[in-house]
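For the single chain, residues carry numbers from 1 onward in sequence order. Computed over heavy atoms, backbone and side chain alike; hydrogens, waters and symmetry mates excluded. Just so you know, these numbers come straight off a predicted model, no measurement behind them.
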Amino acid sequence: MDDQRTAKTRTAVVTGAGSGIGRAVALELLRAGWRVALAGRRTQTLEETAALAPGAEALAVRTDVSDPDDVAHLFSAVGDRFGRLDLLFNNAGTFGPGGVPVEELAYDAWRHVVDTNLNGAFLCAQAAFRQMKEQDPGGGRIINNGSISAHTPRPHSIAYTATKHALTGLTKSLSLDGRPYRIACGQIDIGNAATDMTARMQSGIPQANGELAAEPVMDVADVARTVRHMAELPLEANVQFATVLATNMPFIGRG
């Protein structure tokens, strides 16, 4: 994605593209002329995302990011269809069972969150890195979807919080290892974007002091525009970490 490339020749992979932040980012890129591979567990929701940007060049690929074979198929399909990869938005994730104290969290539930949020992000980043390193012209950008929880946990969120902290290490390592190959890596940490996943924020969510409180949310389109800005920088520039949050949510001073 160097200065000579236009949006119409840029290709992105967006994971978790069937809903929420992934859908919003995919649509922002599609409407800006990007070619976008939509990855997610359900083909129907991916096709619904594509239908919201008629005339745009979208490719829906059913993908479980925790499955190495699925990830290999996704990036092979992108190579076959588009011939190159300029951006991976590593977005797929799950919160896991909410409100479960650490001493009661089942190992299977912990493992599911780790497999999706961390292992899935690694598998997709590894596949993207390989493709970006070998293509001509070489290079590209990886943007990981961290979270406010990459900084500060919510109560009873140990699996989600641990994986989001780990994503920060993944981002830093990819950024360092990508330098010789013009592969930039950054992270966007998002707080309270209005999606189905955050609907409960407005009705009341546990706070660190044990109380329930409603929290403000922001338009998910503001997140999508931020990701697009990060994506469209020349590879000589990188937003290493960006924090985008509802202005009045309890993050600064949480607890």
Side-chain angles (χ1 to χ4, degrees), residues 12-32 34-54 56-67 70-71 73-74 77-78 87-98 109 112-121 123-125 142-150 154 157 159-160 163-164 167 187-203 205 215-228 230-231 244-246 249:
V13 169
V14 176
T15 66
S19 63
I21 291 168
R23 172 173 284 180
V25 169
L27 291 174
E28 178 74 17
L29 294 174
L30 286 166
R31 290 165 179 166
W34 284 66
R35 307 176 300 184
V36 181
L38 312 170
R41 292 174 182 267
R42 294 183 292 162
T43 302
Q44 180 180 343
T45 58
L46 299 177
E47 292 175 346
E48 290 169 357
T49 298
L52 293 171
E57 196 169 357
L59 172 66
V61 185
R62 197 213 67 80
T63 309
D64 176 351
V65 296
S66 68
D67 184 328
D70 273 16
V71 172
H73 171 70
L74 166 64
V78 170
L87 171 69
L88 165 64
F89 181 46
N90 232 344
N91 167 71
T94 181
F95 191 82
H112 175 65
V113 177
V114 172
D115 281 345
T116 303
N117 294 5
L118 180 56
N119 295 343
L123 289 170
C124 289
I142 297 169
I143 301 174
N144 292 323
N145 183 351
S147 170
I148 294 298
S149 291
R154 290 186 177 277
S157 66
Y160 185 78
T163 57
K164 292 302 185 177
L167 272 179
Q187 180 169 311
I188 183 166
D189 295 323
I190 301 162
N192 289 14
T195 66
D196 290 343
M197 187 176 177
T198 60
R200 61 197 179 107
M201 302 288 182
Q202 298 174 76
S203 59
I205 190 167
E215 294 188 11
V217 297
M218 62 177 170
D219 192 332
V220 71
D222 294 322
V223 175
R225 283 192 290 270
T226 304
V227 173
R228 181 183 164 199
M230 295 169 71
V244 183
L245 71 165
M249 70 171 288

- Considering all heavy atoms of both residues, which atom of Asn90 and which atom of Ala121 are nearest to each other, and what is their separation? ND2-O, 2.9 Å

- Sorted by first residue and then second, give each side chain to side chain donor-acceptor pair (under 3.5 Å) pair with at least one member in residues 13-27; sequence neighbours left out. Arg23-Thr49

- Query: Considering all heavy atoms of both residues, which atom of Ala39 and which atom of Thr63 are nearest to each other, and what is their separation?
  - Reply: CB-OG1, 3.8 Å

- Message: Can you tell me which residue among Thr43, Asp70, Thr45 is in a side chain to side chain donor-acceptor pair (under 3.5 Å) with Arg62?
- Response: Asp70

- Answer whether the closest heavy-atom distance between the side chains of Met230 and Ile188 falls below 4.5 Å. yes

- Query: Mind checking what makes side chain to side chain contact (heavy atoms under 4.5 Å, CB included) contact with Leu46, not counting sequence neighbours?
  - Reply: Ala17, Leu38, Ala60

- Item | Considering all heavy atoms, the nearest Leu29-Ala12 contact | CD1-CB, 3.9 Å

- Do Cys124 and Val13 have side-chain heavy atoms sitting under 4.5 Å apart? no

- Message: Test of understanding: with side chain to side chain contact (heavy atoms under 4.5 Å, CB included), list the residues that count as partners of His73, not counting sequence neighbours.
- Response: Val61

- Considering non-hydrogen atoms only, spot the tightest contact between Ala231 and Leu87 and give its length. CB-CD2, 3.6 Å

- Rounded to the nearest 0.5 Å, what's the gap from CG on Asn144 to CG on Asn117? Could you check? 11.5 Å

- What distance do Ile190 atom CD1 and Met218 atom CE have between them, rounded to the nearest 0.5 Å? 6.5 Å

- Message: Return the OG1 to CZ distance between Thr94 and Arg41, rounded to the nearest 0.5 Å.
- Response: 8.0 Å

- Message: Are Val114 and Asn119 packed together at the side-chain level, in the sense that at least one heavy-atom pair is separated by less than 4.5 angstrom?
- Response: yes

- Test item: Ile143 and Val25 side chains (from C-beta on) under 4.5 Å apart, heavy atoms: no

- Message: Quick check for you: to the nearest 0.5 Å, what is the distance between Asn192 atom CG and Ile148 atom CD1?
- Response: 8.0 Å

